Colleague: 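The structure's right below; bear with me while I get my questions together.
All of these numbers come straight from a predicted model, not from anything done at the bench. Here is how names work: the chains are called A, B, and so on, in the same order as the sequence lines, proteins then strands, and each is numbered from 1.
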Amino acid sequence: MNKNFYSVAKKDTKLNEQQLLDELLKKYKDGTLKPSDRYAIPPQPMPQQDSVKRRSNVNEVALGYTETQARLEALRCLQCKNAPCVAGCPVRIKIKDFIAPIVEGDFQKALDIIRENSLLPAVCGRVCPQEVQCQLPCTVGKKFKDVDKAVSIGRLERFVADWGKKQHEHTIPTVAAQTGKKVAVIGSGPGGIVVATDVRRAGHDVTVFEAFHKSGGVMVYGIPEFRLPKAIVQEEIDQLKAMGVNIICNFVVGRTKTIKQIMEEDGFDAAYIGVGAGLPMFMNIEGEHLVGVYSANEYLTRANLMRAYDFGKGADTPIAMSKKVAVIGGGNVAMDSARTAVRLGAEKVYLVYRRSEKEMPARVEEVHHAKEEGIEFHLLRNPKRILGNSEGVVTAIECLKYELGEPDASGRRRPVPIQGSEFTIDVDTVVVAIGNGANPLIGQTTPGLELNKWGNIIVDENCKTALDGVYAGGDIVLGAATVILAMGQGRTAAAAINEYLKTK
Amino acid sequence: MADIAVPLVASAAKPGQFVIVCLKGTYSERIPLTIAGSDAEKGSIRLIWQAVGKSTAELGHLKVGDEVENILGPLGKPTHIEKFGTVVCVGGGIGNAPLLPIAAAMKKAGNKVISILGARTKELLILEDEFKAFSDEIIIVTDDGSYGKKALVTEPLKEICQRPDKPNLTVAIGPAIMMKFCCATTKPFDVPTVVSLNTIMIDGTGMCGGCRVEVGGQTKFVCVDGPEFDGHKVNFDLMMKRMQAYKKQEAQALEEYKKHRCKIGL
Ligand SMILES: Cc1cc2nc3c(=O)[nH]c(=O)nc-3n(C[C@H](O)[C@H](O)[C@H](O)COP(=O)(O)OP(=O)(O)OC[C@H]3O[C@@H](n4cnc5c(N)ncnc54)[C@H](O)[C@@H]3O)c2cc1C
Ligand code: SF4
Ligand code: FES
C-alpha cells in the first residue's frame, strides 16, 4: 500500500467517525436513538503504537481514544436499568452514570463520578482486567456473545482520567483540620496510596514507609513503562505530598524498625500494612540456579526501576544481553517480562505456559500485544529442567508437552504432562514468572499478627488484623491479586482506621 | 572506608547485618555492604569496601562531607551471639571488616576468641589492631609472606581444629573461595562453621530472588534468610558461578569510568 493512500484512508476514517457521531448525537438529542442504532456502532479500536516500531522503544503502546472515539464508544452503552457492569466492578464505580456525560462531552462530570469510587482511574483504566470484571457481564457483549464487543469501559475510564490530566486538573483533595493522631502506612503500592489519601483527608497525620528508593510499589518496579507510564504514578505520589503526607523511602519495616516500635516508640496510633506479595516463586527444577535464570521480579526491577536498558548511559545496573529468552508463565507478569525482553533487544522470545491460551490469567489486550510483537507462544508446555554449560550459564531448557485433564481446585482444567514428550529450546536467558508468595518479613517481626498457611495476613471484613489498630490489605492479604482489589481494600481499611481513631 | 551518618540504621544495626548503598540518582546501582561497625550515639555506621567495579570505585572517590543518595537497612538477620566456648574468627581481605563487630560481640558474650586474619599482602591487611584489642589469640597470614606467616587462612585453622580442646564454632568471612575452603577444613572435625555470603543483590528485602543460593539442597535468599548460613551446607560452587554473572559488563563499565576520570583529570 502506498503511503499517500494510507494517510488518505486514515483521514477518511476520521471524517466518517465524525459524521457518524454527529448523526448519532442528533438522534440522541431528539430522543430517537434506538438500541438497534447503538448496537450498530462499531466497537472503537484502541489506537496503538506500530507493532514494529514499538519493539525498540519503551513508550506506551496503547495511545488512548480520541474524543470522537470516546463519545462513539459511550454511545454504545445501553444505560441498562440494572447495570450488570457495576456488580462486576470491585469498587462499584457508577459505570453507566459516568458514561452518559461522556456522550454529551461533559468529561469533568464523568471524572467526578468515577472519583467517587476510584482514586486511581488513570492507572485502573490501563491495567484492570476489565474483560473479567465490568465488561464480562455487559449487556452489549452478551448480545454479541463476545466479551470483546462489550462496551470498552476501561478505555473510557482511561480517556476521562487522561482528559483530566490534560486540563491540569490538580484538585488536591481537601484535608480536614488536624486531629493530632498519627497513622503509619507501610508500603506505597496502590493500597497504601489510597489509605494515605483517605486517612489524610480526615485530618490525621500520615507517614508512608517504603523499602525501595522510589514510591509506587509494583506500579513502578513491576508494570513496565510501555503499559503504565511512570509519570502517571508519580503524579499520584506528588498529590499525596501536596496533601501533606510524609513519605519516607529506604525504610524497611521489620528491619529499620518493627511495627511495634513504630507504634510504641514513635507514637503512631494506627498502621496499615500494604507490603504486597513480593516473594518470587521458583519451579524448584534442576538448573534454576544457573546464571541467566531470573525471577520476573528481578528481571523487571532491573529493567524498570533501575533502567538497565540504559546501562552505561546513566544507569549502572546491568542485565543480561539476551538473544534468546524463554519466559515461563501465562499471567500479566509473564507478558510484561516477555515484552520487556523484546525491548531489551532479544531476537527470539518464547513464552512457555503449561495450560492453553484460554486459561491464561493475563489481560487479553496484553496477550494480543505480545503476539503482535513477535513473541512465540509455546502452550501446553512446561520446563522440566534448565541446561547449562561448564561455566554455569544457561544454554537451553528442556520442556515436556502437556494436555488438559480434569478441572482442579481453581476450576481450570489441570495440565497433565505427556510422558516421553521431552524437547529442548536453545536459550541464553530464562525468566520465571509463575507467581509471588507472601514476603515473610513482616510476619516474622510482628508478634501477634495472624497469618494463613501461605503466610498471608488474616483480616476481618474491615481489613483489621489480629492486632488492635493494625490493618492490612492488598497482595499481602489476598495473595498476588490486582491493583483494583488492593485499592478497594485500601478504601475499606481507611474507613475503618478513621472510625477507630474517633474512639481513641 | 567511610563512616556514614544514618541514625535510623545505626540505632537498629546488629553484628552481621548489612546495608544497601545507592550512590546518587535514581538509576545508580544498589551496592550491598556489610556493616563493619555502628555507633548509635553518633548515629553513624562504618562501611569498608574494596573497589571492584565502577560503583565501588566511585564510592571510594567520595570525600569527607560528601553525601550518598540513600542507605537502606539494616538488612539480613543478625548473627546469633551466645556463649559457645571457643570461637575462631577467620577473616580474609575485606572480610575482616564485617567480621570485627561479630568477633567483638562473641568476646563480650564470654567466648574465647581466636582471630585468624588473612590478606594477599601486608598493605591489604586491615583492622589488625582492632582485632588485637580483644582477641585471646591472633594469627596473621599473607599469601606472599610479606607479613605474618606465609600461608592461607586454612592452615592455622586446621591446626586449631586439631588441638585437644577443639573450637566450638568458626565464623569465616571473606572471598567465596576462602569460605569454601574454611568449611572444607572444619568439616572433618565437626566444627560448626558460620559464613556470611555476599551475593549479587537488588532489593535486599526478599522480593527479587537475585541473591538466591542453595543451602542444604534448598533455595535460600541471602538478604532475608541470611546473610549468614551454616557453611557446611552452602553450595559454594554454584554461588561462585552466579557471582560471575555480570563480570564482563562490570569490567567494561569500570574501564569506561576510569577513562572518564582520566579525561577530566582527577
Ligand atoms: C509485572 C506485574 C504486572 C502486573 N500487572 C497487573 C495488571 O495489569 N493489572 C492489575 O490489576 N494488577 C497487575 N499486577 C498486580 C498488582 O500490581 C498488585 O496486585 C498490586 O500492586 C498490589 O498492591 P499493594 O497495595 O498490595 O502493594 P504493592 O504494589 O505490592 O506494593 C508494596 C510496596 O511495599 C513495599 N514494601 C514491601 N515490604 C516492605 C517493608 N517491610 N517495609 C516497607 N515497605 C515495604 C514494597 O517495596 C512495595 O513498594 C501486576 C503485578 C506485577 C508484578
Ligand atoms: S452493562 Fe454495558 S451496556 Fe449496560 S450499563 Fe453497563 S456498560 Fe452500559
Ligand atoms: S536481594 Fe532481592 S531477594 Fe534478596
Colleague: Begin from the C-alpha positions of B:Leu72 and A:Val252 and carry the test side chain to side chain contact (heavy atoms under 4.5 Å, CB included) through to its verdict.
Modeller: CA-CA 7 Å; B:Leu72 171 72; A:Val252 188; 3.2 Å; yes
Colleague: Taking the side chain from A:Asn250 and the backbone from B:Gly73, do they hold a donor-acceptor pair closer than 3.5 Å?
Modeller: no
Colleague: Where on A:Val293 is there a heavy atom nearer than 4.5 Å to chain B: the side chain, the backbone, both, or neither?
Modeller: both
Colleague: Among residues 207-221 of chain B, which residues come closer than 4.5 Å to chain A, judged by heavy atom distances?
Modeller: B:Met207, B:Cys208, B:Gly209, B:Gly210, B:Arg212, B:Val213, B:Glu214, B:Thr219, B:Phe221
Colleague: Between A:Cys249, A:Ala211, A:Ala296, who has the most heavy-atom pairs with chain B when the cutoff is under 4.5 Å?
Modeller: A:Ala211
Colleague: Heavy-atom distances under 4.5 Å only: say whether A:Glu288 touches chain B with side chain, backbone, both or neither.
Modeller: backbone
Colleague: Locate the shortest heavy-atom distance separating B:Val224 from A:Arg255; write the atom from each residue and the value.
Modeller: O-NH2, 3.7 Å
Colleague: Which distance, rounded to the nearest 0.5 Å, do you find between the CD1 of B:Ile202 and the CG of A:Asn297?
Modeller: 11.0 Å
Colleague: When heavy-atom pairs shorter than 4.5 Å are enumerated against chain A, which of B:Gly204, B:Pro78, B:Pro74 gives the highest number?
Modeller: B:Pro74
Colleague: Find the one option among B:Val9, B:Asn235, B:Leu75 whose heavy-atom pairs under 4.5 Å with chain A are most numerous.
Modeller: B:Leu75
Colleague: Which pair of heavy atoms, one from A:Thr256 and one from B:Ala12, lies closest together, and at what distance?
Modeller: O-CB, 3.4 Å
Colleague: Could you please state which residues from residues 275-282 of chain A sit under 4.5 angstrom from chain B, measuring non-hydrogen atom to non-hydrogen atom, sorted by number, or 'none'?
Modeller: A:Gly278, A:Leu279, A:Pro280, A:Phe282
